[in-house]
Peer 1: 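After the structure tokens below, expect a handful of questions from me.
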Amino acid sequence: MDLTLKRLQEYLYKKYSIYKPQELKNTQRYFLKLIEEVGELSEDIRENKRMENGNIKGTIEEEISDVLYYIVMIANTYDIDIEKCFRLKEEFNAKRYG
């Protein structure tokens with residue numbers, strides 16, 4: 001299966017609907033977790049901790065995945081279609097910056 005942002009959003013929405021419905025719209029929690037994960041990503045980038053032999057724990061790859069996870073969850077709390085917004089923003093930037 002190809003993973004698109006839309007599929008990722010749908011997957012996480014369904015997952016939380018089933019297992020943690022009370023957390024589905026907890027924007028504040030997701031935002032605070034996002035900030036935490038960005039800090040961890042910063043540390044791993046500074047130390048250039050890369051994934052080796054399939055071991056993702058404590059790496060840049062792990063933290064980028066975590067950051068993406070919480071961005072998607074925040075978008076879901078606001079019912080934002082990330083793919084649509086990205087395309088619109090790219091069109092805006094193209095007009096603005098050429």
Side-chain angles (χ1 to χ4, degrees):
M1 172 179 82
D2 289 332
L3 183 62
T4 64
L5 287 173
K6 185 170 190 68
R7 285 186 182 161
L8 180 58
Q9 282 190 263
E10 290 170 352
Y11 166 77
L12 290 177
Y13 184 85
K14 287 176 187 175
K15 177 181 169 181
Y16 274 75
S17 294
I18 294 168
Y19 298 107
K20 295 182 179 183
Q22 71 282 2
E23 293 289 322
L24 203 53
K25 296 290 183 179
N26 195 344
T27 308
Q28 182 178 355
R29 177 181 182 278
Y30 301 135
F31 182 73
L32 293 174
K33 289 295 292 178
L34 173 62
I35 299 305
E36 178 183 325
E37 297 301 341
V38 168
E40 292 174 8
L41 175 59
S42 174
E43 290 177 17
D44 289 345
I45 288 173
R46 184 172 38 84
E47 297 173 11
N48 197 32
K49 293 182 178 177
R50 298 299 310 272
M51 185 171 68
E52 294 179 11
N53 303 319
N55 182 14
I56 197 169
K57 186 68 181 154
T59 65
I60 294 169
E61 290 85 353
E62 177 187 25
E63 300 311 331
I64 284 177
S65 297
D66 290 344
V67 166
L68 177 60
Y69 183 99
Y70 288 111
I71 287 172
V72 168
M73 289 306 296
I74 291 168
N76 281 351
T77 68
Y78 288 105
D79 299 318
I80 293 171
D81 179 335
I82 297 174
E83 286 185 3
K84 179 181 177 183
C85 290
F86 186 83
R87 283 191 296 274
L88 290 171
K89 181 63 174 162
E90 283 295 293
E91 289 173 17
F92 174 81
N93 286 344
K95 290 175 187 172
R96 186 171 185 187
Y97 303 112

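What's counted below: heavy atoms across the whole structure, side chains too, no hydrogens, waters or symmetry copies.
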Peer 1: Would you check if N76 and L24 make a side-chain contact, meaning some heavy-atom pair closer than 4.5 Å?
Peer 2: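 Answer no - side chains too far apart.
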Peer 1: Using the salt bridge (charged side-chain N to carboxylate O under 4.0 Å, His left out) criterion, which residues pair with K57? Sequence neighbours excluded.
Peer 2: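 Counting only residues at least two positions away or on another chain, K57 forms a salt bridge (charged side-chain N to carboxylate O under 4.0 Å, His left out) with E62.
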Peer 1: Do I71 and V67 have side chains that approach each other closer than 4.5 Å (heavy atoms only, starting at C-beta)?
Peer 2: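 When only atoms from C-beta onward are counted, V67 and I71 do touch, with a gap below 4.5 Å.
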Peer 1: Could you give the distance from CG (N48) to OG1 (T59), rounded to the nearest 0.5 Å?
Peer 2: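 Rounded to the nearest 0.5 Å, the CG-OG1 separation comes out at 11.0 Å.
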Peer 1: Tell me whether L68 is reachable from Y78 by hopping between hydrophobic residues (I, L, V, M, F, W, Y) whose side-chain heavy atoms are closer than 4.5 Å.
Peer 2: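 They do share one cluster, since a chain of ILVMFWY contacts under 4.5 Å joins Y78 to L68.
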Peer 1: What pairs meet the side-chain hydrogen bond (donor to acceptor under 3.5 Å, both in side chains) rule with one or both residues in residues 79-88, with sequence neighbours excluded?
Peer 2: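 For residues 79-88: K25-D79.
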Peer 1: Over all heavy atoms of both residues, which pair between K49 and G58 is shortest? Give the atoms and the distance, please.
Peer 2: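 That would be CD-O, 3.3 Å.
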Peer 1: Indicate if I35 and V38 have the same hydrophobic cluster label, given that clusters are the connected sets of ILVMFWY residues with side-chain heavy-atom separations under 4.5 angstrom.
Peer 2: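 They do share one cluster, since a chain of ILVMFWY contacts under 4.5 Å joins I35 to V38.
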Peer 1: Are V72 and L88 in one and the same hydrophobic cluster, where Ile, Leu, Val, Met, Phe, Trp and Tyr link if side-chain heavy atoms are under 4.5 Å apart?
Peer 2: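 Shared cluster, no.
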Peer 1: Please determine whether the number of non-hydrogen atoms from other residues, nucleotides or ligands lying under 6.0 Å from atom CD of Q22 exceeds 12.
Peer 2: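 It does: Q22 CD has more than 12 such atoms within range.
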Peer 1: Which residue pairs satisfy the side-chain hydrogen bond (donor to acceptor under 3.5 Å, both in side chains) criterion with at least one member in residues 35-45, sequence neighbours excluded?
Peer 2: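 Output for this query lists K33-E36.
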Peer 1: Is there side-chain contact between R7 and D2, with heavy atoms separated by less than 4.5 Å?
Peer 2: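 Contact flag for R7/D2 side chains = yes.
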Peer 1: Report yes if some heavy atom in the side chain of I80 is under 4.5 Å from a heavy atom in the side chain of I74; otherwise report no.
Peer 2: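 A side-chain contact is absent here, since even the closest heavy-atom pair is not under 4.5 Å.
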Peer 1: Treat each ILVMFWY residue as a node, draw an edge where side-chain heavy atoms are under 4.5 Å apart, and state whether Y13 and Y11 are in one component.
Peer 2: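 Yes, same cluster.
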Peer 1: Can you name the residues that form a side-chain hydrogen bond (donor to acceptor under 3.5 Å, both in side chains) with T27, not counting sequence neighbours?
Peer 2: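 Applying side-chain hydrogen bond (donor to acceptor under 3.5 Å, both in side chains) to T27 gives T77.
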Peer 1: Other hydrophobic cluster members with I56, side-chain heavy atoms of Ile/Leu/Val/Met/Phe/Trp/Tyr under 4.5 Å, chained?
Peer 2: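 For the cluster that includes I56, the remaining residues are M51.
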Peer 1: Find out whether L8 and I82 are in side-chain contact, i.e. whether some heavy atom of one side chain is under 4.5 Å from a heavy atom of the other.
Peer 2: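 Not in contact.
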Peer 1: Please list, chain by chain and in numerical order, all residues satisfying side-chain hydrogen bond (donor to acceptor under 3.5 Å, both in side chains) with Y69, sequence neighbours excluded.
Peer 2: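 For Y69, the residues satisfying side-chain hydrogen bond (donor to acceptor under 3.5 Å, both in side chains) (neighbours in sequence not counted) are Y16.
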Peer 1: Given the rule that I, L, V, M, F, W and Y join up when any side-chain heavy atoms are under 4.5 Å apart, are L12 and Y19 in one cluster?
Peer 2: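 Unlinked, L12 and Y19 end up in two clusters.
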Peer 1: Is there a side-chain contact between R50 and I60, using heavy atoms and a 4.5 Å cut-off?
Peer 2: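 Side-chain contact under 4.5 Å: yes.
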